Number of protein chains: 2
Amino acid sequence: MPRGFGRGNWHGRFRGCGYRWTIARQSVLDVLGKATRHLSAEDIYMQMHKVNPGVGLTTIYRTLELLVQMGIVIKSDFGEGRARYEMAEGPKGLNHHHHLICTGCGKVIDYTDFIDDEVELLQRTEKGLSKKYNFKISNHLIQFYGLCQVCKNK
Amino acid sequence: MPRGFGRGNWHGRFRGCGYRWTIARQSVLDVLGKATRHLSAEDIYMQMHKVNPGVGLTTIYRTLELLVQMGIVIKSDFGEGRARYEMAEGPKGLNHHHHLICTGCGKVIDYTDFIDDEVELLQRTEKGLSKKYNFKISNHLIQFYGLCQVCKNK
DNA sequence: ATATTAATGAAAATCATTTTCATTAATATG
DNA sequence: CATATTAATGAAAATGATTTTCATTAATAT
């Protein structure tokens with residue numbers, strides 16, 4: 001198998017959509033593919049800078065927009081004032097998780113240890129919604145807001 | 001019952017936390033209390049401007065931050081580049097809804113007619129999480145990403 | 001009535017993101 | 001392989017929401 005044409009065959013996928021395959025795009029996908037958590041545009045920029053110092057932040061923003069548009073990457077907003085990105089490998093992806101966000105202090109708890117019912121119900125919900133709205137659902141963002149133990153008792 | 005001391009008894013609640021009760025704060029709560037959908041800081045500013053033209057946008061931001069911190073208001077971010085606010089009357093609130101977001105064209109479908117599985121999913125999950133993480137959950141944000149009917153067939 | 005100090009308005013500062021525009025480089029074509 | 005085409009890029013400027021600064025105002029305690 002030719003180098004770089006594994007798993008996603010990104011080059012082919014880009015060309016198929018009429019887009020060019022560039023160092024910058026490859027590099028963004030490399031960084032995101034290795035990430036174990038959601039990355040901001042600047043996180044990506046800093047990691048990439050070590051390997052490809054020539055790629056600017058603007059290009060990263062543009063690349064991310066494209067990747068989101070192609071459905072390869074998911075953009076999330078956790079209310080920090082900046083967006084975060086992750087590969088859209090679907091809800092089964094290694095780093096997929098939901099959030100508990102404290103409205104008091106802003107603390108965010110990522111949790112991946114879903115309760116059994118949660119997984120099954122979610123599947124059924126996605127199936128139901130797909131049918132009802134004729135949507136091909138590929139991912140989801142689930143966040144619960146409230147007060148953490150500390151803020152609750154103030 | 002004295003005027004202005006109904007439901008929330010805001011004045012008392014503010015004083016209890018050591019905060020002063022001001023026209024601006026009352027006015028933000030008035031606007032949010034009457035709203036039928038999530039409002040941006042500027043939405044609030046414009047509505048308030050008709051009644052209290054003296055209150056500036058800065059104060060609205062400061063007031064909203066305080067209200068969120070007190071757990072009276074929920075701040076949400078739908079990825080539009082600006083935050084939206086609503087009273088934290090809980091997920092049963094009139095204007096509560098979930099989103100289906102197309103990663104192809106950006107179209108957003110709000111839906112309120114939750115399917116049974118979805119309601120059950122949320123109830124069980126919220127209960128489980130509250131216990132597990134000692135959180136007082138007051139709201140949630142649920143978004144499903146995928147391709148809409150049109151983008152799916154391209 | 002007055003003192004104290006939290007709350008405010010206006011303007012400036014910040015910070016993530018987007019736009020502009022001239023340059024570069026990926027691909028198609030000869 | 002050389003060259004033309006035009007998408008992709010970088011740098012700098014622009015944008016727009018939100019935050020900070022600082023002098024002034026007003027809510028509360030005395």
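Naming: A, B, ... by sequence-line order, numbering from 1 per chain. Because the structure is a prediction, the values reported are computed rather than measured.
If you check D:dT20, C:dT17, D:dT9 against the side chain of A:Ala83, the one that comes closest is C:dT17. When distances run from any side-chain atom of A:Arg62 to the nucleotides C:dA26, D:dT9, C:dT8, the shortest one goes to D:dT9. Side-chain atoms of B:Arg25 lie closest to C:dA7 of the nucleotides D:dA11, C:dA7, D:dT18. Looking at the side chain of A:Arg15, the nearest of the listed nucleotides D:dA29, C:dA28, D:dT18 is C:dA28. The side chain of A:Tyr61 approaches C:dA16 more closely than any other nucleotide in the set C:dA16, C:dA10, D:dT18. For B:Ala24, taking side-chain heavy atoms from C-beta onward, the closest of the listed nucleotides D:dT9, C:dA7, C:dT8 is C:dT8. Looking at the side chain of A:Thr22, the nearest of the listed nucleotides C:dT27, D:dT9, D:dT28 is D:dT9. Looking at the side chain of A:Thr58, the nearest of the listed nucleotides C:dT27, D:dT20, D:dA12 is D:dA12. Side chain of B:Arg20, nearest nucleotide from D:dT19, D:dA27, C:dA16: D:dA27.
Atom P of nucleotide D:dA8 and atom CG of A:Leu57 are separated by 18 Å, given to the nearest angstrom. Going from atom CG of B:Leu66 over to atom P of D:dT19 covers 13 Å, rounded to whole Å. Rounded to a whole Å, the CZ atom of B:Phe14 is 11 Å from the P atom of D:dT28. Atom C1' of nucleotide C:dA25 and atom CD of A:Gln26 are separated by 15 Å, given to the nearest angstrom. Rounded to whole Å, atom C1' of D:dT6 lies 15 Å from atom OH of A:Tyr19. Rounded to whole Å, atom C1' of D:dT15 lies 17 Å from atom CD of B:Glu80. Computed from coordinates, the B:Leu64 CG to D:dT19 C1' distance equals 14 Å when rounded to whole Å. Straight-line distance from the NE2 atom of A:His11 to the C1' atom of C:dA26: 9 Å, rounded to whole Å.
The CG atom of A:Leu122 lies 4.5 Å from the NE2 atom of A:His140; values are rounded to the nearest 0.5 Å.
Under the 6.0 Å cut-off for aromatic ring centres, B:His97 and B:His38 qualify, their centroids lying closer than that.
Applying a 4.0 Å cut-off to non-hydrogen atoms, none of the residues of residues 40-52 of chain B approaches DNA chain C.
A donor-acceptor pair under 3.5 Å is absent between the side-chain atoms of B:Asp30 and the main chain of B:Ser27, judged by distance alone. Side-chain atoms of A:Arg25 come within 3.5 Å of backbone atoms of A:Arg20 as a donor-acceptor pair (strictly under, hydrogens ignored). In this structure a side-chain-to-backbone donor-acceptor pair under 3.5 Å is missing from A:Arg124 to A:Gly128. Checked by atom type and distance alone, the side chain of A:Arg15 pairs as donor or acceptor with a backbone atom of A:Tyr19 at under 3.5 Å.
Sequence order on DNA chain D of the closest nucleotides to B:Lys75 and A:Thr63 puts A:Thr63 first from the 5' end. A residue-by-residue look at B:Ile23 and A:Ile23 shows that A:Ile23 has its nearest nucleotide of DNA chain D further toward the 5' end.
Inspection of the B:Glu118 and B:Tyr111 side chains reveals an N or O donor paired with an N or O acceptor under 3.5 Å.
The cluster map of Ile, Leu, Val, Met, Phe, Trp and Tyr, joined by side-chain heavy atoms under 4.5 Å apart, puts B:Val51 and B:Ile23 in different clusters.
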TODO: List the steps, then state whether salt bridge (charged side-chain N to carboxylate O under 4.0 Å, His left out) holds for B:Asp113 with A:Lys132.
DONE: CA-CA 11 Å; B:Asp113 48 342; A:Lys132 193 163 181 176; 3.4 Å; yes
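Between A:Met70 and A:Cys17, the closest heavy-atom pair is CE-SG, 3.9 Å.
Overall bending of the helix from C:dA1-D:dT30 to C:dG30-D:dC1, expressed as the angle between end axes built from five pairs apiece, is 30° (10° steps).
Across all strands shown, B:Gly18 has no heavy atoms under 4.0 Å from either base or sugar-phosphate atoms.
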